[in-house]
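Everything numeric in this text was worked out from a predicted model, so none of it was measured.
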Amino acid sequence: MIGSRPILRPREIDVARLIAVGLTSKQIARKLGISPLTVRKHRENAMRSLNIHSLAELIDAMRHLGFVNTPSEPYHTTNG
């Protein structure tokens with residue numbers, strides 16, 4: 001950790017950011033041109049660096065660190 005910000009590699013940030021916006025590992029793999037297992041490894045490394053243990057914590061950490069914008073309004077579905 002440098003200062004108050006943990007050290008994440010660029011690819012770990014890419015993967016964690018895409019997880020935080022709702023993409024699956026398969027979708028992330030296709031988007032980044034890597035395998036789903038590589039996505040998993042980057043996710044695990046990011047979570048280890050941040051000392052977190054769930055995807056919910058990862059998403060929250062990415063928002064807190066400023067890597068993902070927090071929506072200003074809650075998500076609503078449209079019926080009909």
CG (Leu50) and CD (Glu57) are apart, to the nearest 0.5 Å, by 10.0 Å
First locate atom CZ of Arg17, then atom CG of Leu23, and finally report the distance between them rounded to the nearest 0.5 Å. 12.5 Å
A side-chain contact here means heavy atoms from C-beta on lying under 4.5 Å apart; do Val15 and Glu12 qualify? no
Heavy-atom closest pair, residues Met62 and Ala20: CB-CB, 4.2 Å
If you round to the nearest 0.5 Å, how far is CD1 of Ile59 from CD1 of Ile52? 9.5 Å
Can you measure from NE2 (His42) to CD1 (Ile19) and round to the nearest 0.5 angstrom? 10.5 Å
Validation row: Val39, Leu18 side chains within 4.5 angstrom (heavy atoms): no
Pairwise distance CG(Leu58) to CZ(Arg43) - rounded to 0.5 angstrom: 8.5 Å
Do you know the tightest heavy-atom contact between Pro36 and Ala29? N-CB, 3.6 Å
So that I can tick it off, tell me whether Glu44 and Arg40 are bridged by a salt bridge, with the cut-off set at under 4.0 angstrom between side-chain N and carboxylate O. yes
Charged N to carboxylate O under 4.0 angstrom, Asp14 versus Arg11? yes
